[in-house]
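Notes for the one structure printed next.
Below, each value reflects all heavy atoms present in this structure, side chains not excepted, and no hydrogens, waters or symmetry copies. Indexing begins at 1, ligand by ligand and atom by atom, following the structure's order.
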Amino acid sequence: NEGRCRYAFFDSAMEQAFFAATELEQALGNAVGNEEFVLHYQPEIDLRSGTVMGVEALIRWVRPDGELIYPGRFLPLAEETGLIVPMTVWSLREACRQAALWKRDGMPLRVAVNLSGILFRQHDVHQLVTDAIAETGLDPAFLELELTETALIENPEAASPQLAALQRMGVSITIDDFGTGYASLIYLTKLPIRRLKIDSAFIREIDSSPGSRTIIKAILALGENLGIKVIAEGIEREDQLRWLEDQNCQEAQGFYFGRPVPPARLRAVIDSGGLMLPAPTPALPDAT
Ligand code: C2E
Ligand code: MG
Ligand code: MG
Ligand code: MG
């Protein structure tokens, strides 16, 4: 439009992308201040009993116009800008608050919260978690933290003592997306890992890739021999479930059992999936 023999450093697509990113950043900043987030919860199933042992909390951003935005679209920016910290403070507290409420209402479900590895770079994760527990009164045994392999290897000196302290409180640690990171296996014996979550990429290929089947079997054997629980995520079909059961996989999660839903709909998802709830924890006899 400006005539020939000119260089345009921004073409209109770039310009649009640039503005979209700045707008997104600004909107995300506001979202944190206005608490425009919600957590959806997806059941994690004990396959032997068909009982929902816990739920994974998954964050969503509800835009003022009602549009729901999934974490893949805003987490990278949140990590880049540091907004991930107030966001995590919020999600930890919200998940603990909900779990304490469920427990009080006779639904003792462990809640798993995803933590970005970036938090360990500068922040006292132990303190963030301790604060959330103290503010909500949740029994720490009902809180689980999901970390990726990358989160652990990036900063082992910082992560290790914090995770050990959390484990002593009763909080459990899960390695998420297991098998897709670049971590060595030695940390499995050095860190207080309670559970490995097999990445859905392997589950998706059960029917098509002998390699993926071999890796799943190896992870199950690794867990069994190390005394670490193993959960398979991303199960969408019955044939995937049957194969996993044949391999003695004991815990599972995926759309096949139930999609992530707002807390008010969790009960309905559990019922319609024919799943059972854990027995309510008996009230402790009053000490006084
Ligand atoms: P993730 O922790 O590995 O969570 C599993 C993702 O797979 C979720 O996507 C879930 O909705 C989806 N999923 C569950 N079952 C199935 C299935 O059967 N089939 C398929 N195709 N997908 C399934 P979502 O909610 O979009 O979350 C994406 C990622 O964002 C999560 O991966 C996690 O790494 C991150 N994330 C979510 N919530 C939080 C949060 O509160 N804080 C942080 N730091 N990260 C979060
Ligand atoms: Mg997860
Ligand atoms: Mg995962
Ligand atoms: Mg993931």
Counting heavy atoms under 4.0 Å, the part of His40 that contacts ligand 1 is neither
Could you tell me whether any N, O or S atom belonging to Asn114 is less than 2.8 Å from the Mg ion (ligand 2)?
yes
So for Thr88 against ligand 1, with non-hydrogen atoms under 4.0 Å, the contacting part is neither
**Asked** If we only count N/O pairs under 3.5 Å, is Tyr256 in contact with ligand 1?
**Response** no
Paired with Arg195, the salt bridge (charged side-chain N to carboxylate O under 4.0 Å, His left out) test is passed by just one of Glu233, Glu56, Glu146, Glu144, namely Glu144
Within 4.0 Å of some non-hydrogen atom of Asp176, the atoms of ligand 1 are 1 (P), 2 (O), 3 (O)
Across all chains, not counting sequence neighbours, the side chain to side chain donor-acceptor pair (under 3.5 Å) partners of Asp239 are Arg237
The atoms of ligand 1 lying under 4.0 Å from a heavy atom of Ile235, numbered in the order shown, are 18 (O)
Any heavy atom of Ser116 under 4.0 Å from ligand 1? The part involved is both
Exercise. Could you confirm whether Asp199 has any N/O/S atom lying under 2.8 Å from the Mg ion (ligand 3)?
Key: no
Please list every donor-acceptor pair under 3.5 Å in which a side-chain atom of residues 74-83 meets a protein atom from a residue at least two apart or in another chain.
unit_1: Glu79; atom_1: OE2; unit_2: Ser116; atom_2: OG; d: 2.7
unit_1: Thr81; atom_1: OG1; unit_2: Leu77; atom_2: O; d: 2.7
unit_1: Thr81; atom_1: OG1; unit_2: Ala78; atom_2: O; d: 3.4
unit_1: Thr81; atom_1: OG1; unit_2: Leu83; atom_2: N; d: 3.4

Honestly, for Gln253 the part within reach of ligand 1 (heavy atoms, under 4.0 Å) is neither
Among N, O or S atoms, Glu56 approaches the Mg ion (ligand 2) most closely through OE2
Among N, O or S atoms, Glu146 approaches the Mg ion (ligand 2) most closely through OE1
The Mg ion (ligand 2) -> Asp176, closest N, O or S atom is OD2
Going by the 4.0 angstrom heavy-atom rule, the piece of Gln42 near ligand 1 is side chain
The option among Leu119, Leu147, Thr148, Asn114 carrying the non-hydrogen atom nearest to atom 42 (N) of ligand 1 is Asn114
Note: OD1(Asp177)-the Mg ion (ligand 3)-OE2(Glu233) angle, rounded to 10 degrees, equals 110°
Candidates Phe74, Phe255, Phe257; heavy atom nearest atom 13 (N) of ligand 1 found on Phe255
